[in-house]
Amino acid sequence: QVQLVESGGGSVQAGGSLTLSCETSGWTFTTGCMGWFRQAPGKEREGVAAIDHDGTTSYKSYLDSVRGRFTISVDNSKRIVYLQMSSLKPEDTAMYYCAASKTYGFDIRGSCRASTLWGQGTQVTVSS
């Protein structure tokens, strides 16, 4: 049924750019919340960016350390969510996951509060 598939990861040098894609199948993002998370080895998973839509208005939220460098967006079909990343730093190295919730709303940290669907992840490696 509903699946999320990430793509676009890879290895880049510090200062470079990458765009990650999360393609949905079996679901169109009209209302709800889509987010990007990342987890580096030995570290806790953290929310990177999220976009929420309550049926009328869209809201975006970013991790402080990526704000101004990363941009989350949804294509016109509302079936693909992008994470545009620029000025990448070695500390951005992590496995990046796409997650979705059919219920809209952020938690106190600015992440989707009810993510139930997850992609398989795509690796981003930033070298010095």
Side-chain angles (χ1 to χ4, degrees):
Q1 288 186 332
V2 179
Q3 292 184 322
L4 306 177
V5 179
E6 303 99 330
S7 62
S11 298
V12 297
Q13 292 183 320
S17 300
L18 283 174
T19 297
L20 308 183
S21 299
C22 175
E23 184 174 0
T24 67
S25 62
W27 182 55
T28 301
F29 178 46
T30 53
T31 61
C33 193
M34 299 286 297
W36 287 94
F37 295 79
R38 69 185 182 187
Q39 187 167 23
K43 296 184 178 180
E44 298 290 332
R45 184 188 68 191
E46 61 183 355
V48 177
I51 181 166
D52 185 71
H53 198 279
D54 63 8
T56 302
T57 307
S58 294
Y59 306 89
K60 295 181 180 180
S61 180
Y62 295 96
L63 182 68
D64 287 345
S65 62
V66 309
R67 187 176 292 110
R69 300 188 296 117
F70 291 12
T71 300
I72 188 170
S73 62
V74 181
D75 80 337
N76 290 333
S77 73
K78 295 181 170 57
R79 293 183 182 272
I80 305 174
V81 180
Y82 300 100
L83 184 67
Q84 297 172 278
M85 306 182 294
S86 62
S87 301
L88 284 163
K89 304 175 181 179
E91 51 262 43
D92 294 319
T93 296
M95 183 72 74
Y96 283 71
Y97 299 91
C98 177
S101 173
K102 295 183 180 180
T103 302
Y104 64 84
F106 293 138
D107 62 18
I108 194 170
R109 298 179 180 180
S111 298
C112 300
R113 79 172 88 200
S115 297
T116 57
L117 305 174
W118 294 83
Q120 83 289 349
T122 185
Q123 178 68 38
V124 172
T125 302
V126 184
S127 60
S128 300

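We count residues from 1, following the sequence as given.
Through side-chain heavy atoms spaced under 4.5 Å, either directly or across other Ile, Leu, Val, Met, Phe, Trp or Tyr residues, Tyr59 is tied to Phe106. Phe37 belongs to a hydrophobic cluster whose other members, connected by ILVMFWY side-chain contacts under 4.5 Å either directly or through intermediates, are Met95, Tyr97, Trp118.
Listed by chain and residue number, Arg38 satisfy the salt bridge (charged side-chain N to carboxylate O under 4.0 Å, His left out) test with Glu46 (two or more places apart in sequence, or in another chain). Every residue two or more places apart in sequence or in another chain that forms a side chain to side chain contact (heavy atoms under 4.5 Å, CB included) with Gln3 is listed here: Ser25. With sequence neighbours excluded, no residue forms a side chain to side chain donor-acceptor pair (under 3.5 Å) with Arg45. Remark: Arg109 pairs with no residue by the side chain to side chain donor-acceptor pair (under 3.5 Å) rule, at least two apart or across chains.
When all heavy atoms of Ser128 and Pro90 are compared, the pair lying nearest together is OG-CG, 3.7 Å. Among all heavy-atom pairs drawn from Gly35 and Cys112, the shortest one is N-SG, 3.8 Å. Across all non-hydrogen atoms, the minimal contact from Thr24 to Met34 is CG2-CE, 4.0 Å.
For residues 8-20, there are no side chain to side chain donor-acceptor pair (under 3.5 Å) pairs, not counting sequence neighbours. Applying the ring-ring contact (aromatic ring centres under 6.0 Å, His included) test to residues at least two apart or on different chains, the pairs with a partner in residues 6-28 are Trp27-Phe29. Listed by first and then second residue, the salt bridge (charged side-chain N to carboxylate O under 4.0 Å, His left out) pairs involving residues 52-62 amount to none (not counting sequence neighbours). The stretch residues 74-89 participates, sequence neighbours left out, in no salt bridge (charged side-chain N to carboxylate O under 4.0 Å, His left out) pair at all. Sorted by first and then second residue, the disulfide (SG to SG under 2.5 Å) pairs involving residues 39-93 (not counting sequence neighbours) form an empty list. Applying the salt bridge (charged side-chain N to carboxylate O under 4.0 Å, His left out) test to pairs two or more places apart or on separate chains, none has a residue in residues 6-32.
A heavy-atom distance below 4.5 Å is not found between the side chains of Leu63 and Phe70. Looking at heavy atoms from C-beta onward, Ile72 lies in side-chain contact with Trp36 at the 4.5 angstrom threshold. Contact annotation: the side chain of Leu20 approaches that of Thr122 to within less than 4.5 Å [non-hydrogen atoms, C-beta and beyond]. Looking at heavy atoms from C-beta onward, Val74 lies out of side-chain contact with His53 at the 4.5 angstrom threshold. At least one side-chain heavy atom of Ser73 sits less than 4.5 Å from a side-chain heavy atom of Gln84. Side-chain atoms of Leu88 and Leu18, non-hydrogen and from C-beta on, do get closer than 4.5 Å to each other.
Here the SG-CD1 distance, from Cys22 to Ile80, works out to 9.5 Å after rounding to the nearest 0.5 Å. The OG1 atom of Thr30 lies 12.0 Å from the OH atom of Tyr104; values are rounded to the nearest 0.5 Å. Within the model, atoms CD of Gln123 and OH of Tyr96 stand 9.0 Å from one another, a figure rounded to the nearest 0.5 Å.
Note: the hydrophobic cluster containing Leu117 does not contain Tyr82 (ILVMFWY, side chain heavy atoms under 4.5 Å, direct or indirect links). The same ILVMFWY cluster, assembled from side-chain heavy atoms under 4.5 Å apart, contains both Ile51 and Val2.
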Verdict with supporting geometry, Lys102 and Thr31, side chain to side chain contact (heavy atoms under 4.5 Å, CB included) = CA-CA 7 Å; Lys102 295 183 180 180; Thr31 61; over 6 Å; no
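A donor-acceptor contact shorter than 3.5 Å is absent between the side chain of Ser101 and the backbone of Thr116. Put simply, the side chain of Ser86 gets close to the backbone of Arg69: a donor and an acceptor are under 3.5 Å apart.
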